[in-house]
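Notes to accompany the following structure.
Only a predicted model underlies this, so the values are computations on that prediction, with no experimental measurement involved.
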Amino acid sequence: MIHLLLPFALAAVLAGSGVYGVLARRNAVLMLVGVELILASASLILVTMSTTLPDDAAAGQILTIFVITLAAAEVTLALGIILAAFRLRGHIDLTERLDDDAAHAPVDDRTDGRLTS
C-alpha cells in the first residue's frame, strides 16, 4: 500500500501551483489552467481518501467523477467567454480596463483606427 504522504504532497504541489496561477497571472487562459490544477488536487485527495478509508458507497470516486464533469463544463463555458472577450477587446488580459469612450465607439475593421465622420 502506498504511503499517504506522497498523494498529499502531490495534491499540495498541484493546489499551490493552481493558486499561484490564479493570483499571479493576468492571462485568462492561464488563470483557467490554475483553476483546473486546483480541481485536480481536490480530485486526488478525494480518490486517496476513498481508497484508504473503508466505504461501501465509494463516495470519493463518485465525487471525483462529478468534479471531472464540473471541470469539463467549466472549461467549455470559460473558453467561450474568453473567446468572446478576445473578439471584443483584442486581448485577454484581465487586469487592463477599457475606457468608457473606447468601449462603446465603433471600430472600422478595414483600417487600424477609429471610424471617421
Side-chain angles (χ1 to χ4, degrees):
M1 185 168 157
I2 191 168
H3 196 273
L4 290 180
L5 180 66
L6 296 173
F8 284 141
L10 180 60
V13 168
L14 286 173
S17 301
V19 169
Y20 174 76
V22 169
L23 296 178
R25 301 293 179 188
R26 297 179 355 180
N27 191 330
V29 175
L30 293 178
M31 290 179 76
L32 183 62
V33 169
V35 171
E36 291 300 318
L37 285 173
I38 294 170
L39 288 173
S41 70
S43 296
L44 180 62
I45 290 174
L46 283 171
V47 169
T48 301
M49 293 310 296
S50 177
T51 56
T52 57
L53 298 176
D55 185 16
D56 294 333
Q61 284 99 356
I62 293 171
L63 283 173
T64 301
I65 291 173
F66 284 130
V67 169
I68 291 170
T69 305
L70 177 72
E74 174 239 341
V75 164
T76 304
L77 183 65
L79 284 178
I81 292 170
I82 290 169
L83 183 62
F86 178 75
R87 288 181 178 170
L88 178 68
R89 295 176 155 185
H91 61 84
I92 52 174
D93 187 8
L94 296 179
T95 59
E96 190 173 311
R97 300 176 77 179
L98 293 174
D99 295 334
D100 289 336
D101 296 333
H104 300 295
V107 177
D108 188 4
D109 292 333
R110 294 171 286 152
T111 64
D112 199 24
R114 300 269 176 215
L115 285 174
T116 57
S117 301

Residues two or more places apart in sequence or in another chain: which of them pass side chain to side chain contact (heavy atoms under 4.5 Å, CB included) with Val13?
Ser17
What I'd like to find out is whether the side chain of His3 reaches to under 4.5 Å of the side chain of Phe8, using heavy atoms alone.
no
Quick one: do Phe66 and Ile62 satisfy side-chain contact (heavy atoms from CB on, under 4.5 Å)? Show the steps, please.
CA-CA 6 Å; Phe66 284 130; Ile62 293 171; 3.7 Å; yes
Out of curiosity, does Leu39 fall in the hydrophobic cluster containing Leu14 (side-chain heavy atoms, cut-off under 4.5 Å, transitive links)?
no
At their closest point, which heavy atom of Ala11 faces which heavy atom of Ile45, and how far apart are they?
CB-CG1, 3.6 Å
Minimal heavy-atom distance between Gly18 and Leu37, with the atoms involved, is CA-CB, 3.8 Å
Working to the nearest 0.5 Å, report the span between CG of Leu44 and CG of Leu6.
10.5 Å
Qualifying side chain to side chain donor-acceptor pair (under 3.5 Å) pairs with a residue from residues 58-84, counting only residues at least two apart or across chains
Ser50-Gln61
Out of curiosity, does Leu46 fall in the hydrophobic cluster containing Ile68 (side-chain heavy atoms, cut-off under 4.5 Å, transitive links)?
no
Among Thr51, Thr48, Thr52, side chain to side chain contact (heavy atoms under 4.5 Å, CB included) partner for Pro7
Thr48
How close do Met31 and Val22 get, counting heavy atoms only, and between which atoms?
CE-O, 3.3 Å
Specify the closest pair of heavy atoms between Leu32 and Ala78, including all atoms of both residues, with the distance to one decimal.
CD1-CB, 3.7 Å
Distance, nearest 0.5 Å, that separates CG of Leu10 from CG of Leu5
11.0 Å
If you group Ile, Leu, Val, Met, Phe, Trp and Tyr by side-chain heavy-atom gaps below 4.5 Å, do Leu70 and Leu77 land in one group?
no
